[in-house]
Amino acid sequence: MIGECLRQSGILTEEDLQTALIEHKRSGERLGAVLIRMGLATERQIAKALASQLGFEYVDLVERPPDPSAVVLIPKEVALKRNCIAVAVRKNALTVAMSDPLLFTLVQDLEFQTGYRIKQVVATRAEIIEAIQAWYPDKALTRVTPQDRHGRDETAPGGMLAPRTGATSLSGVREEDVFEQSAAAPAGPAETAPIIDMVDLLIRSALNSRASDIHIEPTEGDVVVRQRLDGLLKQTMEMPKWVHDGVVARVKIMAGMDIAEKRLPQDGRIRATSEEGQEVDLRVSTLRTIFGEKIVLRVLDHRKGVPPLEELGLSAASMEQIRYFLHHQHGMILVVGPTGSGKTTTLSSALASIRSERTNIITIEDPVEYQIPGVNQTQINAKINLTFAGALRSILRQDPDVVLVGEIRDQETARIAMQAAQTGHLVLSTLHTDDAPSCVTRLTDIGIEPYVTASALIGVIAQRLVRRLCMDCRRPYTPEPETLRAMRVSDAEAATLTFYRADGCEKCNQTGYRGRVGIYEIMAVTDDLRRLIAQRGAEAQLREAALASGMLSLGEDGLLKVKAGVTTPQELLRVVTEVRETRALCPECGTRVAPDFSACPGCGHRVGGGCPYCRRPIQAEWKFCPYCAKSTSAPGARKSPSRSIASRRTVAELPPARNVAEFKK
């Protein structure tokens, strides 16, 4: 790896590299030492080339000496043995100079030892040794953690997440001893690291990075830890296989589970305290796999608070429509979408916007993710048979004005919620469907009569979450032609727009994205839609009617955000499959025609491609059907006028560009 870096940097020729590799195999020395001994490269050249190739910063420890307050965070004996030295500390990040930045196990050990997030920089081995001798005090060192620097007491309520100096593991081995052994041969159970601190490190790392989930997954040879950041999983750590049982036992104890039960799935809950002293809930789930128990911790972070509706990514028109829904005194508002699409956040923001001293708001949730002042929140408990349906019956006796049902899962819950919506209550709930019109079909499948749905439903909000571009590192670019075609953006339109791509910087953890924003499809139940629902209209008919009344699809709303530079085309296409709706127009009168229509509902003109008599597919130039021998012209069909409007666009345009500016604020 080092040799290839030097060759690409022009320091070594291919012939020099091959000569050094032969000597490296013969002597068994490190390739860098061979290059220095043969006079092919200096140590500084090797370090600079390696840093440049791998994207790390090179630090001259003579011109830029280490910060004494950072140096003491790593014990001197560890620094000498692992050839590293801390050079700077900032908040929860510790910058460490090392001669080989590819030693990821060293980074993990240092994070475990110090409690800081490690930022790697490159320096020469000789300069690191000189800096260690020059900057370390001679006396015994006292390790300092981020909590100690802020005056935190590790016995305080937040101590669960604070690493402890000299902590002992389940086997009684000191943490410093284990750290020293980490560079040697793989340790066995007798040298188990402090499991308590290891689990605390996993939780603390997830809270610091604002992850929504922690996955601890055993494999055949090790244990992989992944975090879900902005909706996508990212591997953050690898642990040796022998720590798996200890980590699982520790998590089960914290979550109140049965540590002896390893075959059946279990659920539990952990109440932790962040470094800021705020409480965070973690919902824990275990599942037996072929390599051991997998653990998933869902982070329910109360520190975030309920975001206002204005921060969710709604356009001005969408915001006005949702506020219109919420002004109703009774009826049902549904928020639909897959798991993890932000439905609970939208409902919580809606409740926060209408709470007042004159309104009695009661919620039934599983679990309570946001604590909203002024709202009476209830959490279901299956162990005591407190279900959505059972709790909803009791809530209706509490004289509520607004009721939030966390999820409609079955016919009983749906029926009681519909009855509440028809008897003077405003009911908000969620449903798992792909888009807004399909929620009507879903309610029918559950067992709700269409006429009940038509009378109770006020509006439906379908949504997805896309990652928001980091404004500090986004870069303009020209999308590939395939990407433009997938978004149904013409070349002429693309020439007037500026698209951005994710680049990556320190502020966004090199991902190019920071946070997420919603894209929405809001269907208001108009009189026409209400009539279609009651008549058991097909889903395609409901969608056409909603689009005709001005509904923007998920893809179209997402495309507005792409045009505004809020997200990338790739991110939009990852979340939605159809960006722009194909809305065919009748060539005679211009009425929108659904794909499955055979004739225009406005003028009766035949728009299908089949024979008007036998309905078999025929070609456009055929004058007679080869199957029934009849004319392909419909009886009494009018001739096309000389001025046909067939040239009209078959794809509806998005709202004017002035709406795009809403997302640039």
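Please read all numbers here as calculations on a predicted model, not as lab measurements.
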Can a donor-acceptor pair be found between the side chains of [X] and [Y] at a distance below 3.5 Å?
X      : Y      : answer
Gln377 : Gln371 : no
Gln422 : Ser455 : yes
Ser209 : Gln227 : yes
Asp399 : Asn360 : no
Glu261 : Thr286 : no
Gln463 : Thr346 : yes
Thr413 : Asp410 : yes
Ser356 : Thr359 : yes
Thr568 : Tyr513 : yes

Tell me the closest heavy-atom pair linking [X] and [Y], and the distance in Å.
X      : Y      : answer
Cys439 : Leu457 : SG-CD2, 4.4 Å
Tyr520 : Ile461 : CD2-CG2, 3.9 Å
Arg464 : Asp434 : NH2-O, 2.6 Å
Gly268 : Met257 : N-CE, 3.2 Å
Ile416 : Leu396 : CG2-CD1, 4.0 Å
Val562 : Pro569 : CG1-CG, 3.9 Å

How long is the span from the [atom1] atom in [X] to the [atom2] atom in [Y], to the nearest 0.5 Å?
X      : Y      : atom1 : atom2 : answer
Ile372 : Leu351 : CD1   : CG    : 5.0 Å
Asp267 : Arg298 : CG    : CZ    : 12.0 Å
Leu326 : Gln321 : CG    : CD    : 11.5 Å
Ile216 : Leu297 : CD1   : CG    : 5.5 Å
Glu521 : Leu552 : CD    : CG    : 9.0 Å
Arg415 : Ile408 : CZ    : CD1   : 12.0 Å

Taking the side chain as C-beta and beyond, is there a heavy-atom pair between [X] and [Y] under 4.5 Å?
X      : Y      : result
Arg228 : Lys234 : no
Lys294 : Glu217 : yes
Val284 : Ile295 : yes
Leu282 : Arg269 : no
Val466 : Val517 : yes
Val403 : Leu428 : no
Gln235 : Arg226 : yes
Thr289 : Glu293 : no

Closer than 4.0 angstrom, basic N to acidic O: yes or no for [X] and [Y]?
X      : Y      : value
Asp366 : Arg409 : yes
Arg283 : Asp281 : no
Arg574 : Glu571 : yes
Asp472 : Arg514 : yes
Arg442 : Asp445 : no
Lys561 : Asp557 : yes
Lys343 : Glu365 : no

Test log, rule side-chain hydrogen bond (donor to acceptor under 3.5 Å, both in side chains), inputs Thr441 and Thr444: CA-CA 5 Å; Thr441 307; Thr444 304; over 6 Å; no
Worked verdict on Ser205 versus Asn208 for side-chain hydrogen bond (donor to acceptor under 3.5 Å, both in side chains): CA-CA 5 Å; Ser205 173; Asn208 290 340; over 6 Å; no
From CA spacing to verdict: side-chain hydrogen bond (donor to acceptor under 3.5 Å, both in side chains), Glu407, Thr430: CA-CA 5 Å; Glu407 181 183 347; Thr430 68; 5.2 Å; no
Side-chain donor/acceptor of [X] to backbone N/O of [Y], under 3.5 Å:
X      : Y      : result
Ser348 : Thr345 : no
Gln329 : Leu426 : no
His425 : Ala420 : yes
Glu311 : Pro308 : no
Arg488 : Val579 : no
His327 : Tyr324 : no
Asn376 : Ile361 : yes
Ser438 : Thr433 : no

From CA spacing to verdict: side-chain contact (heavy atoms from CB on, under 4.5 Å), Val427, Ile333: CA-CA 6 Å; Val427 180; Ile333 303 171; over 6 Å; no
Audit row: Val489, Thr483, side-chain contact (heavy atoms from CB on, under 4.5 Å) steps and yes/no: CA-CA 9 Å; Val489 175; Thr483 303; over 6 Å; no
Crowding at NE2, His330 (>12 non-hydrogen neighbours, <6.0 Å): no
Whether over 12 other heavy atoms sit under 6.0 Å from Leu232 CG: yes
side-chain contact (heavy atoms from CB on, under 4.5 Å) evaluation trace for Met551 with Ile522: CA-CA 6 Å; Met551 181 185 79; Ile522 301 178; 5.7 Å; no
Derivation and outcome, side-chain contact (heavy atoms from CB on, under 4.5 Å), residues Leu202 and Val225: CA-CA 8 Å; Leu202 297 179; Val225 179; 4.0 Å; yes
